[in-house]
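Beneath this line is the structure, given in structure tokens, with notes to follow.
Order of the sequence lines sets the chain letters (A, B, ...), proteins ahead of strands, with each chain counted from 1.
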There are 2 protein chains.
Amino acid sequence: MTRIVDVARQAGVSTATVSRVLNGKTVRPELATAVHAAVAELGYVPDRTARSLRRRSSDVVALVLPDVENPFFTAVARGVEDVAQQAGYSVVLCNTDDDPAKEARYLDVAEHENMAGVLIAAAPGAPPLGNLLARGRAVVALDRAVRDDVDQVTFDNAALGRRATRSLLDRGFRRIACVTGPRETSTAAQRAEGWRAALAEEGLDAPDELLIHANFRVDGGYAATAGLLDAAGAPDAVLATNNLVGVGALRALADRRVPLAGSADDRGTATGSAATGVGIVGDLPFATSRTDQVALLPLNPRGLGVTAAEMLLERLDGLDSPARHVVLDGTPAADAGRVPA
Amino acid sequence: MTRIVDVARQAGVSTATVSRVLNGKTVRPELATAVHAAVAELGYVPDRTARSLRRRSSDVVALVLPDVENPFFTAVARGVEDVAQQAGYSVVLCNTDDDPAKEARYLDVAEHENMAGVLIAAAPGAPPLGNLLARGRAVVALDRAVRDDVDQVTFDNAALGRRATRSLLDRGFRRIACVTGPRETSTAAQRAEGWRAALAEEGLDAPDELLIHANFRVDGGYAATAGLLDAAGAPDAVLATNNLVGVGALRALADRRVPLAGSADDRGTATGSAATGVGIVGDLPFATSRTDQVALLPLNPRGLGVTAAEMLLERLDGLDSPARHVVLDGTPAADAGRVPA
DNA sequence: CCGTTAGCAGTAATCGATTACACCACGGAC
DNA sequence: GTCCGTGGTGTAATCGATTACTGCTAACGG
């Protein structure tokens, strides 16, 4: 393998000068061109391991996610990756399954691999960021709030819950259930709060039996919705506070042949007696049916990833301001290349 | 940060001995216990960057994928990650968008980061693995065949195409279109071959206008299916050779309010004149509708990832056999935790 | 004309773990 | 008693890039 000394010899300069040329420090122009020529001729590429050891920081960032199979988070990953890659960083994807133990293990690896920074959508409970922060590593929390004093970028989840609920109210639904994620997951709790607030604004009650804390996956949404439909006093609409729960809800309806109600008016006219409305905080990139009856509130996870990655890069560039909290509206940029859903 | 010299001092031994204890070489028992005690007391964890530099290989493996937003590949990633993590390796996810240039860039990074190995589902065209192989790095190709002399694990794609087509034939369909991926993508081509073979076995023709090379994403399947439906001589069933194309096909039908035909018999009885069947090589983890009318041929991408990762680990363990080609049947292990679809 | 300073380049230390090599002690063989 | 082998340990070289430090040269002011 060609090393920096080979380049130095070839260019007739010292290794220090080669390093300086490659890292953009000032060097006499003719030496710089000699170095560039040598680099080109030998096909030299610096060994990133050695660089990391000396710099005490690698050019890898960790992206710690609760569920890589969730299209929401894969879109986040895309956004992060595009930005990071552009800046010459690689992204290691770490999947925690919302398990604090797996999360802790990954944070440990990030620390001891000397990764440049960490982006994390935290599992329930407080993520152990202490060591990383003590070492001065850049950390940005995304999607889910954390207690630590670090940069954070989240959606305004209460507002999202409220808006999605309101769009169901606007369609005439009155008895609206909320299927959300685990109590300890901040997004789940806040969106449910938004649901409660929207109902309250309308003078409606938010009874306990209409708020279900499921898991944030398809099976959670499916079981919760099935339970709601089968119980006495079924709701006339269901708000799913994330995309996968929404998929589960729709599938539960489909399996029971319960028609989808676009508005409360549909409930009388539909063939089934209990046509039900569905609202989703999120969208359905892999829907296999029309979704125009569903009250979707599309988010922009890619933008979340982009913003978080940019904030991390700023820190890696040496920004030393106090921790910033960015709250995104959640409104998606117009994403190209999507099939009209 | 605690370094190996700190441990050595604390334990009253040399750094060499500490290293040996930590790497399982023979050392006098009482020294070993002293080292372990010191490690525990100081909370020492080896710096992986330094280790990588010296060993000339890190404990990171690259997983190069064409599309991380495709649930098929995220499932592959899960499988890889579970195995790799278990063995103490981290996985860097690299998304190529089927773009050979992005792919080449990632392979370059993998080389210069001294990554232990590379798992790759190659973009169209021959991936530039030469440098990695020359350096003796472990490489395993998965899902898509490559020309290089490396370990490979794929499905029997022709058989999959044939089986999926046959299940449509069994349901009585006769004019079966095939919507597949780009010509240069081996899986797309081979599954289409299987389609052609199944038709031939039945004495049926496979006319050119019924074979569409789209992209392997939702919009590709959508546009291709829409085109087939709108053209004269529309098919009575559509075979989608991957999951996303299947999603696109179903959505195209739904948008046109074309009923889904479970068998050729449905075509007469259904309300619309042109109820159409759909077969998919793959499954629909995020379907929002019933899928019992769809001829699904579920695959086991997670198993693919697990197998590929295990093969890579064997190589990393020093296995030095000639390149192995594993062809998986594609039949999924019974995956738990899925909603009945 | 000399001293000071700035700018640039080279030498060598450095990052932290691994490991080649040297060395020592001990046991057995002759 | 000496020699050799073996098994365990320590010292120091090593991986390859970065950078603190030093020194040289040239420009400029007094």
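Salt-bridge check for A:Asp97 with B:Arg78: passed, with a basic side-chain N closer than 4.0 Å to an acidic carboxylate O.
The interatomic distance linking A:Arg20 (CZ) with C:dG7 (P) rounds to 14 Å, in whole Å.
Nucleotides of DNA chain D lying under 4.0 Å from heavy atoms of chain B occupy a range whose first and last members, 5' to 3', are D:dG8 to D:dG16.
Counting non-hydrogen atoms under 4.0 angstrom, A:Thr17 reaches the backbone sugars and phosphates but no base. Contact annotation for B:Val13: backbone-only contact, meaning every heavy-atom pair under 4.0 Å involves sugar-phosphate atoms and none involves a base. When heavy atoms are screened at a 4.0 angstrom cut-off, A:Val27 is found touching the sugar-phosphate backbone but no base atom. Note on B:Thr26: only backbone sugar-phosphate atoms sit closer than 4.0 angstrom, heavy atoms only; bases stay farther off.
In terms of position along DNA chain D, the nucleotide closest to B:Leu31 lies nearer the 5' end than the nucleotide closest to the other residue of the pair A:Met1 and B:Leu31. Positionally, the nearest nucleotide of DNA chain C for A:Thr15 lies more toward the 5' end than for the other of B:Lys25 and A:Thr15.
Taking only side-chain nitrogens and oxygens, A:Ser14 never comes nearer than 4.0 Å to OP1 or OP2 of C:dT11.
Between A:Leu313 and A:Tyr89 the shortest side-chain heavy-atom distance falls below 4.5 Å. Side-chain contact between B:Arg315 and B:Ser321 is present, with heavy atoms from C-beta onward closer than 4.5 Å. Side-chain contact between B:Leu328 and B:Val326: present, with at least one pair of heavy atoms (C-beta onward) separated by less than 4.5 Å. When side chains are defined from C-beta on, B:Val91 does not count as touching B:Gln85, because their heavy atoms never get closer than 4.5 Å. Looking at B:Asp98 and B:Asp67, their side chains never come closer than 4.5 Å, going by heavy atoms from C-beta outward.
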